[in-house]
J.: 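Shown below is the structure under consideration.
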Amino acid sequence: MTQRNRVGEARSTDAGSTEIDLALFGALGDLAQRKLYPALYHLDREGLLDADTRLLGLARQALDREAFQARVQSALETHVKGAELDRAVLKRFLTRLDFLQLDFTTAEGYGAIREWRQQGLLRPMVVYLSVSAKIYGDICRHLQASGSLDEQTRVVVEKPIGFDLRSSAEVNDAIGAVFPESRVYRIDHYLGKETVQNLIALRFANPLFGTQWNQNHISHVEITVAEKVGIEGRWGYFDEAGQLRDMVQNHLLQLVCLIAMDPPANLDADAIRDEKVKVLKALKPFTDDMLGRDVVRGQYIAGTSDGQAVPGYLEEEGANTASHTETFVAMKTGVANWRWAGVPFYLRTGKRMPEKLSQIIIHFRQQPHYIFDPDQRGLAANKLVIRLQPEEGIALEVLTKDSGLDKGMRLRRGPLHLDFNSAFPKTRIPDAYERLLLEVMKGQQYLFVRRDEVEHAWRWCDDLIAAWADRDEPPRRYPAGSWGPVASIAMITQDGRSWYEDY
Ligand code: BG6
């Protein structure tokens with residue numbers, strides 16, 4: 001049974017229990033409306049939110065509780081599919097909400113958070129910072145000074161954490177002055193995607209792959225994270241960041257880690273994160289000669305998307321027409337250790353690509369001795385295609401004999417295909433934020449990024465950013481709706497390979 005305690009003595013939750021209260025800074029922001037309320041609603045609908053869990057929305061704007069509830073209701077009506085919007089659950093969810101107007105950067109007013117906690121059951125509080133990282137430190141300090149925290153309060157922070165190694169260390173120091181690392185949950189929402197977690201199951205539960213997963217059997221790895229959208233009204237933010245900071249430093253490097261890491265001793269958060277850090281430390285550093293050959297920066301110009309004309313990056317609303325910020329990056333890198341020596345990792349990610357597509361292709365080596373039709377030699381290797389989104393699934397390309405009396409021993413390439421939607425038709429694939437919020441509530445950190453991961457990722461990116469700044473070359477142009485600059489195709493074809501296009 002739950003019981004009332006004083007702040008500072010909130011009782012512990014069992015691992016796995018979701019008895020928490022949630023304080024959400026940035027409660028009227030875009031992320032909250034598009035992702036966080038829908039995710040919490042779904043958890044409620046699935047019976048995964050404790051009956052007494054309450055949510056305090058915090059924002060600068062003046063709003064009363066009813067107006068806030070109406071805003072959240074409207075967000076849910078917009079962002080939850082009609083068939084999944086259960087009116088009884090919606091009503092229950094809205095009764096969990098309270099609202100507090102607060103200027104986040106001044107100490108005044110924070111006492112009201114302590115009072116809000118005292119009105120409830122004093123269970124552990126999750127503080128979610130869906131605001132700029134520049135004010136994470138202020139918020140943590142004021143929360144502490146106001147007596148709103150106890151030794152079980154967890155803090156959730158969103159990327160981007162800083163702009164480079166130095167600024168990320170400052171942000172992490174400010175958080176760390178109040179919260180120990182064991183209660184800091186840094187979100188990389190890719191880790192919440194069901195298919196990304198599946199990489200762990202695929203690699204470490206299947207002996208078939210376990211034995212093959214190294215440079216003896218894999219020739220190269222390809223990761224594409226393509227987005228169809230452009231900048232979507234975020235020009236100011238994006239132009240300071242660029243695609244390397246926005247996507248590679250976090251999402252793509254996390255995928256590289258999950259593909260390249262050694263098996264952890266168990267599924268504990270630190271066992272997994274220790275292995276990921278080893279990969280980040282072993283990433284091949286950039287050298288001058290790699291810059292022109294193995295790294296391509298692009299920026300989209302006007303083109304088409306879904307048959308409609310769309311503007312170029314420099315013509316988007318609010319654009320500075322002299323910007324050299326990249327909206328596309330392709331690179332050839334590697335992990336310098338025994339498992340991956342000599343195996344290139346080709347990465348590419350961009351905005352305004354022809355489709356939204358995230359996939360990883362593991363290219364296995366060819367047989368050491370080939371006995372079939374010499375013309376078909378190029379076919380003769382297996383590929384594992386891991387489709388992260390959309391149409392989540394896994395396909396293993398295998399070679400079989402082409403059927404028919406006239407075919408002799410001709411080979412045919414075809415997939416052994418596991419499509420998650422049709423294999424598990426009754427299971428809704430949850431959004432990444434549902435999984436992540438659930439894990440924070442349960443106090444499990446394995447899907448969150450540890451401070452040293454963030455810092456090693458920055459260290460590696462910082463070198464590249466510095467080299468780009470030294471060269472000060474404009475990015476290569478590519479038309480919106482294409483797969484990026486031609487140079488990104490040349491980058492891989494110079495190795496006698498090509499980007500994998502068919503699924
Ligand atoms: C975010 C980036 O982290 O990820 C965005 O800031 C990007 O620019 C988004 O659009 C992509 O996420 P997803 O889940 O749609 O692949």
Side-chain angles (χ1 to χ4, degrees), residues 26 29-36 38-39 42 79 128-134 156-163 168 171 185-199 223-258 297-300 305 310 313 316-319 323 325-329 347-360 386-393 420 429-437 447-449 453-454 457-458 461 480 484:
D30 188 54
L31 181 76
Q33 318 228 16
R34 276 190 310 112
K35 293 290 183 184
L36 303 181
H42 277 296
H79 298 292
Y128 198 120
L129 304 185
S130 178
V131 294
S132 160
K134 290 186 186 128
V156 185
V157 290
E158 278 285 341
K159 76 167 250 288
I161 297 184
F163 188 71
S168 86
V171 175
Y185 292 72
R186 291 183 196 80
I187 290 204
D188 181 313
H189 78 277
Y190 268 53
L191 295 179
K193 291 183 193 273
E194 195 85 346
T195 38
V196 174
Q197 289 155 45
N198 234 320
L199 293 174
I223 303 181
T224 292
V225 177
E227 297 184 79
K228 195 154 89 178
V229 293
I231 297 308
E232 297 195 297
R234 296 191 304 158
W235 212 91
Y237 155 73
F238 187 84
D239 198 57
E240 280 188 11
Q243 195 73 352
L244 183 78
R245 291 188 176 94
D246 190 47
M247 296 295 287
V248 179
Q249 189 272 344
N250 35 75
H251 308 322
L252 273 91
L253 286 187
Q254 284 294 326
L255 296 179
V256 170
C257 285
L258 293 175
R297 302 171 74 220
Q299 188 185 74
Y300 66 85
S305 180
V310 291
Y313 178 70
E316 299 273 11
E317 204 187 321
S323 169
T325 297
E326 79 287 351
T327 60
F328 173 96
V329 190
L347 316 183
R348 69 174 167 170
T349 176
K351 311 270 186 230
R352 281 279 184 237
M353 310 258 90
E355 55 185 298
K356 182 171 178 72
L357 169 72
S358 299
Q359 65 183 16
I360 300 171
I386 305 165
R387 178 83 164 232
L388 305 177
Q389 61 187 17
E391 293 148 33
E392 296 86 345
F420 294 150
I429 297 184
D431 183 74
Y433 278 92
E434 293 173 43
R435 161 67 56 198
L436 294 174
L437 281 163
L447 295 180
F448 297 86
V449 184
E453 291 179 74
V454 176
W458 272 126
C461 287

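All values below were derived from every heavy atom in this structure, side-chain atoms included, with hydrogens, water molecules and symmetry-related copies excluded. Sequential numbering from 1 along the given sequence is applied to the chain's residues. Both ligands and their constituent atoms are indexed starting at 1 by order of listing.
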J.: Should you measure from each heavy atom of Lys351, which atoms of ligand 1 turn up under 4.0 Å away?
T.: 5 (C), 7 (C), 8 (O), 10 (O)

J.: Taking side chain to side chain contact (heavy atoms under 4.5 Å, CB included) as the criterion, tell me which of Lys351, Gln243, Gln299 meets it with Glu326.
T.: Gln243

J.: So which of Arg234, Met247, Lys356 gets nearest to atom 8 (O) of ligand 1, if we judge by its closest heavy atom?
T.: Arg234

J.: Parallel under 30°, tilted from 30 to 60°, perpendicular over 60°: which one fits the rings of Phe238 and Tyr313?
T.: perpendicular

J.: What protein heavy atom sits nearest atom 9 (C) of ligand 1, and how far away is it?
T.: Glu227 OE1, 4.0 Å

J.: For His189, take its heavy atoms, then give the atoms of ligand 1 lying under 4.0 Å from any of them.
T.: 1 (C), 3 (O), 4 (O), 12 (O), 13 (P), 14 (O)

J.: Which of the numbered atoms in ligand 1 are under 4.0 angstrom from any heavy atom belonging to Lys159?
T.: 1 (C), 2 (C), 3 (O), 6 (O)

J.: Looking at Phe163, is Arg245 sitting on its ring face, NZ or CZ under 6.0 Å from the six-membered ring centre and within 45 degrees of the normal?
T.: yes

J.: Considering only heavy atoms of His251, which atoms of ligand 1 have at least one such atom less than 4.0 Å away?
T.: 1 (C), 3 (O), 4 (O)

J.: Heavy atom under 4.0 Å from ligand 1: found in Tyr190's side chain, backbone, both, or neither?
T.: side chain

J.: Between the side chains of Ser358 and Gln389, is a donor N or O closer than 3.5 angstrom to an acceptor N or O?
T.: yes

J.: Should you measure from each heavy atom of Lys193, which atoms of ligand 1 turn up under 4.0 Å away?
T.: 13 (P), 14 (O), 16 (O)

J.: Could you tell me whether a side-chain N or O of Glu434 sits under 3.5 Å from a main-chain N or O of Asp431, the two making a donor and an acceptor?
T.: yes

J.: Are the side chains of Leu191 and Gln254 in contact, using a 4.5 Å heavy-atom criterion?
T.: yes

J.: Checking a contact table here: which protein heavy atom is nearest atom 6 (O) of ligand 1, and how many Å away?
T.: Asp246 OD1, 2.7 Å

J.: Just say parallel, tilted or perpendicular for the rings of His251 and Tyr190, cut-offs at 30° and 60°.
T.: parallel

